[in-house]
> 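Attaching a single structure in structure tokens format; questions to follow.
By convention here, the first residue in the shown sequence is residue 1.
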Amino acid sequence: MYKNHPVYAQIEREQGRQTAGYKGECALDYYLTFLPDDKYFIFHGLRLEDPKNRHFQMDTFLFSLSHGLILESKYISGELEFDEKTSQLIRNVPEGHETMGDPISQVERHKEQLRSWMEKHLGKVVPITGQVVLTNKNAILLNASPTIMKKVTFLTNLPNRMKSINENLPNPILSEKELRKAARMLNQKHAPDQFDFMGYFKLSQKEMITGVICPECSHSPMIRKSANWICLECGCKSKNAHIEALQDYALLCGKSISNKQAKEFLHLSSSSVTFQILQSMNLRHTGTKKGRVYFLD
């Protein structure tokens with residue numbers, strides 16, 4: 001999409017938020033490597049449906065014989081303050097104050113949902129604890145009460161906080177066999193979130209910049225010539241630049257595509273060339289001839 005599109009700035013902000021979240025989770029993963037391999041099952045982005053048909057997703061969930069631990073990663077820089085009266089996270093910015101949703105309340109809500117899920121599917125009451133983990137090294141926590149400090153920790157202190165939690169919850173609730181079975185069930189019940197990018201931003205395919213994007217200079221579209229993709233801007237030549245283009249299509253438009261749709265999206269003039277490209281990718285498909293649909297998964 002072109003930069004002068006009305007929602008371009010909004011998409012950039014969302015991209016920044018997602019990137020920050022990813023950075024925080026990567027930083028968190030490093031400190032999780034210090035945990036004993038045989039003590040925890042570790043789940044990333046686990047999304048479940050509670051007994052009241054409400055979905056909830058946890059950044060990281062650690063599961064042991066004695067308890068479960070939800071970790072909510074927050075990659076936020078600057079001066080931060082948790083307002084216990086209003087249940088808000090406040091960041092001091094040059095313009096004043098920026099209010100955010102309260103991750104402590106979110107963790108508490110997820111704890112209750114997970115407890116209910118465990119009771120329903122495992123028939124066990126498993127202690128569930130939670131921590132908000134500040135993963136940005138430039139975060140400064142102001143005026144934090146003892147109550148807040150029990151629920152929030154800095155990334156570098158996470159191993160110490162987990163050691164304390166383990167000492168407070170030493171007694172096994174599950175046998176090793178029950179834990180492995182429960183871990184398998186958590187994987188089976190994971191319900192990935194299907195984010196509808198186009199619907200969320202109220203976009204149509206006509207508003208997108210289609211075609212194969214040059215991997216060198218980002219010019220679009222590249223042209224197909226003699227089984228290669230050629231960039232008319234920088235001269236880059238590629239045999240498989242269409243793969244990333246079709247991955248973009250899957251994320252934006254859906255994971256199924258017809259020959260006609262692929263031909264239009266890739267800016268190809270030949271249906272037979274489009275067919276050859278799709279066939280070369282060994283995609284799952286259904287139907288025959290013009291009714292054939294390929295699955296981009």
> Hey, could you give me the OG/NZ distance between Ser271 and Lys263, rounded to the nearest 0.5 Å?
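Going from the OG atom of Ser271 to the NZ atom of Lys263 covers 3.5 Å.
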
> Does atom NE2 of His190 have more than 12 heavy-atom neighbours from other groups under 6.0 Å away?
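Counting neighbours around NE2 of His190, more than 12 heavy atoms of other residues, nucleotides or ligands fall under 6.0 Å, so yes.
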
> For Ser204, run the side chain to side chain contact (heavy atoms under 4.5 Å, CB included) check against Met208, Lys206, Lys202 and tell me which one passes.
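Passing option: Lys206.
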
> Measure the spacing between CD of Gln279 and CD1 of Ile277 and express it to the nearest 0.5 Å.
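Gln279 atom CD to Ile277 atom CD1 measures 11.5 Å (nearest 0.5 Å).
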
> Are any non-hydrogen side-chain atoms of Leu283 and Ile257 less than 4.5 angstrom apart?
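Leu283 vs Ile257: side chains apart.
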
> With a 3.5 Å cut-off and sequence neighbours excluded, list the donor-acceptor pairs that the side chains of residues 146-155 form with protein atoms.
| from | atom 1 | to | atom 2 | distance (Å) |
| --- | --- | --- | --- | --- |
| Thr153 | OG1 | Asn157 | ND2 | 3.1 |

> Do Ile223 and Leu266 belong together in a cluster built from hydrophobic side chains that touch within less than 4.5 Å?
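No, Ile223 and Leu266 fall in different hydrophobic clusters.
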
> Applying side-chain contact (heavy atoms from CB on, under 4.5 Å), can you list everything that pairs with Pro172, at least two apart in sequence or on another chain?
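Pro172 satisfies side-chain contact (heavy atoms from CB on, under 4.5 Å) with Leu65 once adjacent residues are dropped.
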
> Is there a side-chain contact (heavy atoms from CB on, under 4.5 Å) between Met162 and Tyr40? Walk through the geometry before answering.
CA-CA 12 Å; Met162 293 186 62; Tyr40 294 98; 4.0 Å; yes

> Can you measure from CD (Glu98) to CD (Gln88) and round to the nearest 0.5 angstrom?
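Atom-to-atom, Glu98:CD and Gln88:CD are 11.5 Å apart.
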
> Charged N to carboxylate O under 4.0 angstrom, Glu178 versus Lys181?
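Salt bridge between Glu178 and Lys181, a charged N being under 4.0 Å from a carboxylate O: no.
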
> Rounded to the nearest 0.5 Å, what separation is found between the CG atom of Leu232 and the NE2 atom of His219?
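Here the interatomic distance stands at 5.5 Å.
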
> Mind checking whether Asp102 and Asp83 have side chains closer than 4.5 Å, heavy atoms only?
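The answer is no, as the side chains (C-beta and beyond) never meet within the 4.5 Å cut-off.
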
> Flag the pair Asn92 / Ile140 as yes when at least one side-chain heavy-atom distance between them is below 4.5 Å, and no otherwise.
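No - every pair of side-chain heavy atoms lies 4.5 Å or more apart.
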
> Give the cluster check for Val107 versus Leu186: same hydrophobic cluster or not, with ILVMFWY residues linked at side-chain heavy-atom distances below 4.5 Å.
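No, it is not one cluster - the side chains of Val107 and Leu186 are not joined through contacts under 4.5 Å.
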
> How about Tyr75 and Thr19: do any of their side-chain heavy atoms sit closer than 4.5 Å?
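A side-chain contact is absent here, since even the closest heavy-atom pair is not under 4.5 Å.
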
> If you round to the nearest 0.5 Å, how far is CD of Glu264 from CG of Asn259?
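Here the rounded value is 10.0 Å.
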
> Just to verify, what does Arg180 make a side chain to side chain donor-acceptor pair (under 3.5 Å) with, not counting sequence neighbours?
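Residues passing side chain to side chain donor-acceptor pair (under 3.5 Å) with Arg180: none at all.
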
> Might you work through the side-chain hydrogen bond (donor to acceptor under 3.5 Å, both in side chains) test for Glu14 and Gln18, ending with a clear yes or no?
CA-CA 6 Å; Glu14 177 63 21; Gln18 295 285 349; 2.8 Å; yes

> Nearest 0.5 Å, please: how far is CG in Leu252 from CG in Leu203?
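The distance works out to 9.0 Å.
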
> Report yes if some heavy atom in the side chain of Trp229 is under 4.5 Å from a heavy atom in the side chain of Cys236; otherwise report no.
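The answer is no; the side chains never approach within 4.5 Å.
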
> Is it true that atom CZ of Phe295 has more than 12 heavy atoms of other residues, nucleotides or ligands lying nearer than 6.0 Å?
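Above 12, so yes.
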
